[in-house]
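Chain naming here is simple, since letters A, B, ... match the order of the sequence lines and numbering starts at 1 in each.
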There are 2 protein chains.
Amino acid sequence: MTVFQPANLAQEPVTIADRLFLDLRRAILEGDMPAGKKISEPELAGSYKVSRGSLREAISKLENCNLVTRKPNIGARIISFSVAQLMEIYQIREAMEGMAARLAATNMSTEDLAHLSALLDRQQETVTEAERLQQSRLRHDSDLDFHFCIIQASGNDRLIRMLCQDLYDLVRFYRFRLNPSYTPKALQEHELIVEAMQRRDGEMAELLMRHHIRASRERARAQLETMTPAERGQTEKIS
Amino acid sequence: MTVFQPANLAQEPVTIADRLFLDLRRAILEGDMPAGKKISEPELAGSYKVSRGSLREAISKLENCNLVTRKPNIGARIISFSVAQLMEIYQIREAMEGMAARLAATNMSTEDLAHLSALLDRQQETVTEAERLQQSRLRHDSDLDFHFCIIQASGNDRLIRMLCQDLYDLVRFYRFRLNPSYTPKALQEHELIVEAMQRRDGEMAELLMRHHIRASRERARAQLETMTPAERGQTEKIS
DNA sequence: AACGCTATGATTGTCAACAAAAGCTGATCA
DNA sequence: TGATCAGCTTTTGTTGACAATCATAGCGTT
């Protein structure tokens, strides 16, 4: 089995609650439902033409993905945005993806490594192309692909689930709203990581991955500080 | 707020599904429900005197804790036991708790550090006492307390939640069934970690924590290999 | 005018019945 | 004898109605 599968671990939804969960998740991630908004069960159930029971099950799944929070007898609401939380996520990714890179360095098959390297080459071309088209989302997606590949190659199933299912939904949530600038530097860091993995140097791969994520965190922080208060206002924590 | 609160983050359950969730979780963790067993909704709902709706909500919460798995149209079952999965958990803890120790080294208040040091002293006494009474569970609980304190002191709320809510239920699940021997060596390693934190040396605290968890993993692995096939048979993966 | 209390409306939690799917039993046929 | 399929049973998914809880607005009191 190769690790090069689409980032969307798309298992065909068989149940109504499942389909609803996927729809709602997409809506939240892509900003169709504003961050921090309270969820009205009767209203949502009506607009999606499902019963409240199925909706509650879908909401429960969203809670697993950390995309909504629920309080007893009060209700659910979309998570709200905070810079502090984004920094926390970067810290966790630093630790976990560092470990993933270490494991991937020894576990990844040579052909998968070749594919990963090819992916980077394509990205190099895409960067200039995307730059021209102003399609930053293109670059972001390929950035996510890179990280997904390495995580998948770690071989640690639980690590994969914790990252891909639990944490990366949050990453997408923030990424969509921040639309961070994606510097060529990040691509260089990616290449260094792959080179270490090609040398099967797990220790170095981990160090480089941690450095890369820490650097990304600082780039995001710097970008946030340049944003106008108005831009941040929409996204600031609502509590 | 001090980090020295009971490991059971006990918020009084207000809803039936909540209370049921806590009951079931305890039952699973303490082995009242055998690992790998299929959950019959009508049966469980009957024995706990609740409706299937509430039960399903509780099961959904158990799924979040990674204590049960659910397949559509087939049902839920208690997670089953596998050595490979236990090793995976140790790897994740190595990465995440290492980061927690690094953060705690700079965040922890001096008085909390003093408390932690005192906790270790008490454990030192308790070890001999427990040794005499053959109450290995005593030692394990205090081991968990140690790790909980450092995680809580990291200050990273999401890291705390991912570890304390998601991963440590699994740790307890395995710990109850393996009943691992708790060597004095582990206590020494704990002391080294605290000393590094007292020096506010986050880098070293992380290294020592990672070393400690890696060593614990190898101790667990070694102990597993000495177990008879019969002992392991009850706990082996049922698939 | 400000604070607290009460009644009302809306929302969430809970339940039991219905529909659909999976698993099993036993009969049939090669 | 063995496999296959039909029909039945059991289990899960889904729904709408009922009960409990929370938020709000209006009133009265200090």
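The distance from atom CZ of A:Arg77 to atom P of D:dA23 is 11 Å, rounded to the nearest whole Å. C:dT12 atom C1' lies 10 Å from atom CD of B:Glu57, rounded to whole Å. In this structure, CZ of B:Arg52 is placed 17 Å from C1' of C:dG13, rounded to the nearest angstrom. Distance NZ (A:Lys71) to C1' (D:dA23): 14 Å, rounded to an integer number of Å. Summarising the geometry, the separation between CD on A:Glu41 and C1' on D:dC22 is reported as 13 Å, rounded to the nearest angstrom. Between A:Asn73 atom CG and C:dG9 atom C1' there is a gap of 16 Å when expressed in whole angstrom units. Counting to the nearest Å, the C1' atom of C:dG13 and the CG atom of A:Leu55 are 14 Å from each other. Rounded to whole Å, the distance from CD on A:Glu43 to P on C:dA10 is 14 Å.
Applying the 4.0 Å criterion to OP1 and OP2 of D:dG13, one finds that A:Ser54 has every side-chain N and O outside that range. Here B:Thr15 reaches the OP1 or OP2 of C:dT14: one of its side-chain N or O atoms lies under 4.0 Å away. Residue A:Ser40 places no side-chain N or O under 4.0 Å from the OP1 or OP2 atom of C:dA10. The side chain of B:Arg56 places an N or O atom within less than 4.0 Å of a non-bridging phosphate oxygen (OP1 or OP2) of D:dG13. Distances shown here put every side-chain N or O of A:Lys49 at or beyond 4.0 Å from the OP1 or OP2 atom of D:dT15. Between B:Lys38 and C:dG23, a side-chain N or O to OP1/OP2 separation shorter than 4.0 Å is absent.
Across all strands shown, A:Ile39 has heavy atoms under 4.0 Å from sugar-phosphate atoms exclusively, and none from any base.
Looking at A:Glu41 and A:Arg52, a side-chain N of the basic residue comes within less than 4.0 Å of a carboxylate O on the acidic one, giving a salt bridge.
Of the candidates C:dT14, D:dT14, D:dG13, C:dT14 carries the atom nearest the B:Ala17 side chain, counting heavy atoms from C-beta on. The listed nucleotides are D:dT11, D:dT15, C:dA16; the one nearest the side chain of B:Ser51 is C:dA16. Here the nucleotide nearest the side chain of A:Ile74, chosen from C:dT12, D:dC22, D:dT14, is D:dC22.
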Stepwise side-chain contact (heavy atoms from CB on, under 4.5 Å) check, A:Glu63 with A:Thr69: CA-CA 6 Å; A:Glu63 207 182 356; A:Thr69 59; 5.9 Å; no

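Ring orientation note: the planes of A:Phe173 and A:Phe81 are tilted relative to one another, at an angle of 30° to 60°. In this structure, A:Tyr168 and A:Phe148 have perpendicular ring planes: the angle between them is above 60°, well past the 30° mark.
Of the N and O atoms on the side chains of B:Tyr90 and B:Glu218, not one donor lies less than 3.5 Å from an acceptor on the other residue.
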